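Atoms considered below: every heavy atom in the structure, side chains included; atoms not considered: hydrogens, waters and symmetry mates. This structure is a prediction, so every number in the text was calculated from the model and none was measured.
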Amino acid sequence: MASVAGSSTFMASLSCYKPNQAITRASNFNSVSLATNGKSFTSLKLHSASSRFRISCAAKPETVDKVCSIVRKQLALPEDSAVTGESKFSSLGADSLDTVEIVMGLEEEFGISVEEESAQTIATVQDAADLIEKLIEKK
């Protein structure tokens, strides 16, 4: 059994959904929380993209902050430089070698191992933080 709750300035009503059943109608939500089979996901954010929505899991803020710190260190960026979850490594000046070094720093800091295929999907700080939490959860 899965349940969905949402928050926004306008709240629409949602009912419980059975496993493997999609949400058929939700409007004006900024974010939702999802609980299924006793597991709860911290937060899901809805992003508008030309009249369609993409749902992405958001990592814990402390994980994102730690990744930002590691990225700043690896790229030798000033401590006051603007690095956020949405920051793309390429926009921060990282080349492919820098990205490999960032992933190695994340592996060391969080005690995880990132497969090459997964590492190639990391483009932003948020991508890295989400992957880290996924890998930590699997441990």
Side-chain angles (χ1 to χ4, degrees):
M1 175 69 79
S3 62
V4 178
S7 65
S8 176
T9 53
F10 170 77
M11 185 74 170
S13 63
L14 290 175
S15 21
C16 291
Y17 297 93
K18 295 179 183 175
N20 302 323
Q21 184 179 25
I23 298 173
T24 56
R25 188 183 71 151
S27 61
N28 296 326
F29 283 97
N30 293 331
S31 66
V32 296
S33 297
L34 174 68
T36 181
N37 297 331
K39 281 193 168 184
S40 177
F41 299 92
T42 53
S43 139
L44 300 170
K45 293 182 181 177
L46 299 175
H47 301 278
S48 177
S50 63
S51 74
R52 68 170 194 243
F53 288 97
R54 182 187 83 198
I55 298 176
S56 61
C57 294
K60 296 175 190 167
E62 56 268 19
T63 303
V64 175
D65 291 343
K66 199 178 248 189
V67 173
C68 288
S69 175
I70 291 167
V71 169
R72 274 191 202 93
K73 180 181 173 188
Q74 291 292 335
L75 299 178
L77 297 173
E79 196 59 36
D80 63 346
S81 62
V83 178
T84 66
E86 292 78 29
S87 298
K88 292 183 178 185
F89 295 154
S90 60
S91 297
L92 297 171
D95 60 21
S96 59
L97 181 58
D98 291 323
T99 303
V100 168
E101 290 176 352
I102 290 169
V103 171
M104 290 171 60
L106 296 172
E107 288 177 324
E108 186 177 322
E109 178 68 30
F110 290 96
I112 57 171
S113 179
V114 178
E115 298 293 326
E116 187 177 340
E117 288 178 9
S118 296
Q120 292 175 355
T121 66
I122 300 171
T124 67
V125 169
Q126 188 68 52
D127 293 341
D130 292 342
L131 179 61
I132 288 164
E133 289 198 354
K134 179 180 166 187
L135 292 172
I136 289 172
E137 185 179 303
K138 285 184 179 180
K139 282 177 122 180

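For the pair Q126 (side chain) and V64 (backbone), a donor-acceptor distance under 3.5 Å is absent. When atom types are taken as modelled, the side chain of E133 and the backbone of K60 share a donor-acceptor pair closer than 3.5 angstrom. Counting only distance, with no hydrogens or angles, the side chain of D127 and the backbone of T124 share a donor-acceptor pair below 3.5 Å. With K139 contributing its side chain and G111 its backbone, the two residues share a donor-acceptor pair below 3.5 Å. The backbone N or O of D95 sits less than 3.5 Å from a side-chain atom of D98, completing a donor-acceptor pair.
Heavy atoms only, all atoms of each residue included: T99 and A94 are closest at OG1-CB, 4.2 Å. L77 approaches L92 most closely through the heavy-atom pair CD2-O, 4.2 Å.
Rounding to the nearest 0.5 Å gives a distance of 10.0 Å between OG of S96 and CD of E101. Taking CD of Q74 as the reference point, atom CG of L106 lies at 8.0 Å (rounded to 0.5 Å). Atom CZ of R72 is separated from atom OG of S87 by 8.5 Å, given to the nearest 0.5 angstrom. Rounded to the nearest 0.5 angstrom, I70 CD1 and D65 CG are separated by 11.0 Å.
Residues L75 and F89 form no side-chain contact, since every pair of their non-hydrogen atoms from C-beta on lies 4.5 Å or further apart.
Heavy atoms from other residues, nucleotides or ligands lying under 6.0 Å from CD of E116 number 12 at most.
Here the rule is side chain to side chain contact (heavy atoms under 4.5 Å, CB included) with S118, and of L131, V103, L135 only L131 fits it.
Under the 4.5 Å side-chain heavy-atom criterion for ILVMFWY residues, no single connected hydrophobic cluster contains both V100 and F110.
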